[in-house]
Amino acid sequence: MQTIDDLQVAGQRVFVRADLNVPLDGETITDDGRIRAAVPTITRLADAGAKVIVASHLGRPKGAPEPKYSLAPVARRLGELLGRPVAFATDTVGDSAAATVASLGGGQVALLENLRFNPGETSKDDAERGAFADQLAALADAYVGDGFGAVHRRHASVYDLPARLPHAAGGLIATEVGVLRQLTDDVSRPYAVALGGAKVSDKLGVIAHLLERADRILIGGGMAYTFLKAQGHEVGDSLLQEDQIPAVQGYLEQAKERGVEFVLPVDVVATKEFPDLSTKAPVEASVVSADAIPAGLMGLDIGPETRKLYAAKLADAATVFWNGPMGVFEHPDLAEGTRAVAQALVDSSAFSVVGGGDSAAAVRILGFDEAAFGHISTGGGASLEYLEGKTLPGLAALED
C-alpha cells in the first residue's frame, strides 16, 4: 500500500476522502474527534503545496440534498483546526465544486458538500457508482484515502475513485491498520476484550473471530441481556434478541472448550422506563442482581459490583480492545459502567484500543484525556469488520 510519500503532490489537485461524519445538534458539532483526526494528513498535503480537495459523507441522506446533513458546519470547524481558510463547495460535482477547485492555489484547502447528496455515491449499481467516480476524478490529479470509518463501504469515493487516479493511503489509515494488526497478529498477552453496545447481532462476527485470539471477553451494554438469557436468567424488560440465543449459547460453549474466559455482569442498574436523553432528567434506578432482573425493569448499565469485576479483569491485561458502551452513557445516571471501563483502561499498563463509534464518543463526552489510551479508532464498523477478517473495499482499493 502506497503512502503520501510515494506521491508527487506539489501543485497537484489531491482528493482526500476523509471521514468527517460527526454528530450534529442543529449546526453545532457535539464531538469533533473525526475532524481532528483528519487534520494531520490534510495539513501535510497542504504544507507540501498540494491543492487539497476534501470530501466526506455525513449521516444517511437518501441521495439528494438535505440541509440537516450539510457539511457547512464541518467546513467552519475544519478551518479553525487547520488554522487556514477552507473553501466550501455547495455541491459535489456541479458548478460550485468545479469553480471552488479551480480557484485553489498550492497549499489551499476546499471541502465538497456531502457525497451522499449524490445517489451515485452509495449505489449498488456498478455503472452508476462508476459514473459518479468519473465525475469526482475529473476534479483531481491524485487520490488519498484517509477515511478509515468508511473503508468497509463499497462506495464510489471509497472504492471506485482510487482506481481512476494515482492513489495512496493517508496517515490516519496507515495508523489504524497498523494498530489493528497488533490486535490480530503477534498479540501481547493476556489479551482482554470488552464488548458492549445494543445488539448482540452486530457483534457475532467479531466474537467468533475473537474466540480464536482473545484470552478474556467481557460483555456489557444491551447485548449482555441476550447472553444472560442464554444462561437461563430472567432479564425483565431489558433489551433482548431472542433469535440470537442459540448462537450465543454456541459461543459460550466454544469459549469453554477453548479456555476463553467469558465474563458477564453480576449486577445491573435498572429502571422502569428508558430515560429522556434530551432533557437528561434524573432517573429512578435500582441495582439488581443480573441473574434475576424483575419483570417491569430494564437493565441500562452494569452495576457497581460488575464495574469492580471488570476493572479487575482488565488490570493485568497486556492488550485490551474495547468496543461498545456498557450502558446508556449519554445519561449521567447511567454512565458509570462505561466510565469504569474507560478508567480501567487508563489505569492499566496495557496497549489499549478503543474501537471507535460510541466508545470513542463516550471517552470524549465523559472527559477522559485521549492521550491516556493507546489508540482511539475513528471507525467502529470498520474496526469490527477488520477484526472479523473481512476484506474491506476501501483498503483493497488502495493496495493495488
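If you read the sequence from its start, that first residue is 1, and numbering goes on from there.
No donor-acceptor distance shorter than 3.5 angstrom exists from the side chain of Ser123 to the backbone of Pro119, with no hydrogens or angles considered. Under the 3.5 Å distance criterion, the side-chain polar atoms of Arg84 are left unmatched by any main-chain donor or acceptor of Gln108. Although no hydrogens or angles enter the test, the distance criterion places a donor-acceptor pair under 3.5 Å between the side chain of Glu121 and the main chain of Ser157. Checked by atom type and distance alone, the side chain of Asp301 pairs as donor or acceptor with a backbone atom of Gly337 at under 3.5 Å. At least one donor-acceptor pair closer than 3.5 Å links the side chain of Arg116 to the backbone N or O of Gly59. Looking only at distances, no side-chain donor or acceptor of Glu330 sits under 3.5 Å from a matching main-chain atom of Leu277. Within the 3.5 Å criterion, the main-chain N or O of Gly379 finds a donor-acceptor partner in the side chain of Ser383. For the pair Asp160 (side chain) and Arg129 (backbone), a donor-acceptor distance under 3.5 Å is absent. Proximity of a side-chain donor or acceptor of Ser238 to a complementary backbone N or O of Gly299 within less than 3.5 Å is detected.
For the residue pair Gln244 / Thr226, no side-chain donor-acceptor distance below 3.5 Å is found, with atom types taken as modelled. Defined by atom type and a distance below 3.5 Å, a donor-acceptor pair is present between the side-chain atoms of Glu113 and Ser70. When only modelled atom types and interatomic distance are considered, Ser289 and Asp291 share a side-chain donor-acceptor pair under 3.5 Å.
His375 is not listed as a side-chain neighbour of Gln182, based on a closest heavy-atom distance of 4.5 Å or more. With a 4.5 Å cut-off on side-chain heavy atoms, Arg76 and Glu27 count as touching. Using a 4.5 Å heavy-atom cutoff, the side chains of Asp358 and Thr338 are not in contact. Contact check for Arg17 versus Leu115: side-chain heavy atoms found under the 4.5 Å cut-off. When side chains are defined from C-beta on, Tyr386 counts as touching Leu395, because their heavy atoms get closer than 4.5 Å. Residues Leu24 and Ile29 form a side-chain contact, since some pair of their non-hydrogen atoms from C-beta on lies under 4.5 Å apart. Residues Leu112 and Ile53 have side chains in contact (heavy-atom distance under 4.5 Å, counting atoms from C-beta outward). Proximity of Asp6 to Thr3: side-chain heavy atoms (C-beta onward) are separated by under 4.5 Å at one or more points.
A perpendicular orientation is assigned to the rings of Phe368 and Phe373, their planes being inclined by more than 60° (bins at 30° and 60°).
The local environment of CG in Asp95 is sparse, with at most 12 non-hydrogen atoms from other residues, nucleotides or ligands closer than 6.0 Å.
With Asp19 as the fixed residue, the salt bridge (Lys or Arg N to Asp or Glu O under 4.0 Å) test singles out one of Arg153, Arg34, Arg36: Arg34.
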- Item | Derivation of the side-chain hydrogen bond (donor to acceptor under 3.5 Å, both in side chains) call for Asp146 and Thr41 | CA-CA 8 Å; Asp146 210 38; Thr41 291; 2.9 Å; yes
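Other members of the cluster containing Phe329 are Ile365, with ILVMFWY side chains joined at under 4.5 Å, either directly or via other members. In this structure, Tyr159 shares a hydrophobic cluster with no other residue, the cluster being traced through Ile, Leu, Val, Met, Phe, Trp and Tyr side chains under 4.5 angstrom apart.
For Val187, the side chain to side chain contact (heavy atoms under 4.5 Å, CB included) partners two or more places apart in sequence, or in a different chain, are Tyr191, Thr319. In this view, Ser359 and Trp322, Pro325, Val354 satisfy the side chain to side chain contact (heavy atoms under 4.5 Å, CB included) rule, not counting sequence neighbours. Judged as a salt bridge (Lys or Arg N to Asp or Glu O under 4.0 Å), and not counting sequence neighbours, Asp91 has no contacts.
Pairs of residues two or more places apart, or lying in two chains, that qualify as ring pair (Phe, Tyr, Trp, His ring centres under 6.0 Å) and include a residue from residues 221-258 are Phe227-Phe262.
Here the CG atom belonging to Leu264 is positioned 9.5 Å from the CE atom belonging to Met223, to the nearest 0.5 angstrom.
For the pair Arg181 and Asp185, the salt-bridge criterion is not met [side-chain N within less than 4.0 Å of a carboxylate O]. No salt bridge links Asp47 with Arg44; every basic N to acidic carboxylate O contact stays at or beyond 4.0 Å. A salt bridge links Asp316 to Arg216: one of the charged nitrogens lies within less than 4.0 Å of a carboxylate oxygen.
The shortest heavy-atom contact between Val101 and Arg13 is CG1-CD, 4.0 Å.
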